[in-house]
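Working notes, beginning with the structure itself.
Per chain, numbering begins at 1; letters A, B, ... match sequence-line order. Atoms considered below: every heavy atom in the structure, side chains included; atoms not considered: hydrogens, waters and symmetry mates. All of these numbers come straight from a predicted model, not from anything done at the bench.
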Amino acid sequence: MQANSLVVLDFETTGLSPNMGDRAIEIGAVKIKNGEITESFSQLMDPGFRITGFIEDYTGISNHMLKGMPSCAQVMGEFSDFIGDSNLVAHNASFDKRFLDAELALLSKSYSGQFACSMLMARRIYQNAPTHKLGDLIRYKNIPSDGGFHRALYDSQMTVKLWLTMLEDIKQDYGLKDISFSLVKKLIKTPKKSVHEFLNNQK
DNA sequence: TGCCAGGCCCTCTTTAGGGCCTT
């Protein structure tokens, strides 16, 4: 079982809204246990229609690359097995959750883990960062990267690094030995102006 | 071809509007 594991995931999609007919075209994910990367998942998938030039430019994923790739149903079925009962993290998780829920609903599948959002976390921990975009936060924290954002596995790998950096910063700044997923969920619900007080009370 | 959404969060707020994030 994977009760202690966390899956950090990122979708590339045909647009912003599954309610408007958008589909996933790539899923990238990294599984971590006790702060260590144990597995990864990366797969392009055919949404069943041509993607726009904007999405080709934005992601670097072309219609040519998607031709012959397995269907969303096949890939998401495999991804459902990958995530198991892990908790889930994504940057601006409300976006990735919408697509995960929509794709799995088409397969009559669901998942038992809970989502946490690295962007909402960063807005609380790094309140002075100029922006809370993933790429900008990576630069803000001087985390090594080659700047090749907007592919699913790469972005999920960068999100893992940001996530582990945030946990380490909290531990050091507030003298905490361990940070549970439930503590993270409470932190994300804490108003920004009360974050310092909240973390001080966790000792 | 060109267009689309939605949750969070702040403020000149809560009977609202707009920027930030994600593709």
task = Measure from NE2 on A/H91 to P on B/dG6 and round the result to the nearest Å.
result = 21 Å

key: Same-atom distance (C1') from B/dT23 to B/dC4, integer angstrom   = 12 Å

key: B/dC8 and B/dT13, which share atom name C1', separated by this distance in whole Å   = 15 Å

inquiry  = Could you tell me how far apart A/D96 (CG) and B/dC8 (P) are, to the nearest whole angstrom?
reply    = 15 Å

inquiry  = Between B/dC3 and B/dG7, how far apart are the two P atoms, rounded to whole Å?
reply    = 24 Å

ask   = Looking only at side-chain N and O atoms, does A/H132 come under 4.0 Å of OP1 or OP2 in B/dC20?
value = no

ask   = Do any side-chain nitrogens or oxygens of A/N92 fall under 4.0 Å of OP1 or OP2 in B/dC8?
value = no

task = Send over the distance from A/L16 CG to B/dG7 C1', rounded to a whole Å.
result = 13 Å

inquiry  = Can you work out whether A/S17 or A/T190 has the more 5'-proximal nearest nucleotide on DNA chain B?
reply    = A/S17

message = Rounded to whole Å, please give me the gap between CZ in A/F49 and P in B/dG2.
response = 18 Å

ask   = Atom CD of A/Q127 and atom P of B/dC9: how far apart are they, to the nearest Å?
value = 11 Å

key: Whole-Å gap separating P (B/dG7) and NZ (A/K192)   = 19 Å

key: A/F54 CZ - B/dT1 P separation (whole Å)   = 16 Å

key: Minimum-distance nucleotide (side-chain atoms of A/M20 versus B/dT23, B/dA5, B/dC21)   = B/dA5

Check: A/H150 ring centroid to A/Y58 ring centroid under 6.0 Å = yes

key: Residue closer to the 5' end of DNA chain B, A/H150 versus A/R123 (nearest nucleotide)   = A/R123

query = Is any side-chain N of the basic residue among A/E12 and A/R151 closer than 4.0 Å to the acidic one's carboxylate O?
reply = no

query = Side chain of A/N201, backbone of A/E197: donor and acceptor closer than 3.5 Å?
reply = yes

ask   = Taking C-beta and beyond as the side chain, do A/F95 and A/D10 meet within less than 4.5 Å on heavy atoms?
value = no

query = Taking the side chain of A/L134 as heavy atoms from C-beta outward, which of B/dG7, B/dT22, B/dT23 is closest to it?
reply = B/dT22

B/dG19 and B/dT15, which share atom name C1', separated by this distance in whole Å = 22 Å

task = Look at A/R124 and B/dC9 and indicate whether a side-chain polar atom (N or O) is within less than 4.0 Å of OP1 or OP2.
result = yes

request  = Please tell me which of the listed nucleotides, B/dG6, B/dC8, B/dT23, lies nearest to the side chain of A/D10?
outcome  = B/dT23

Ring-face cation of A/K31 near A/F41 (centre distance under 6.0 Å, axis angle within 45°) = no

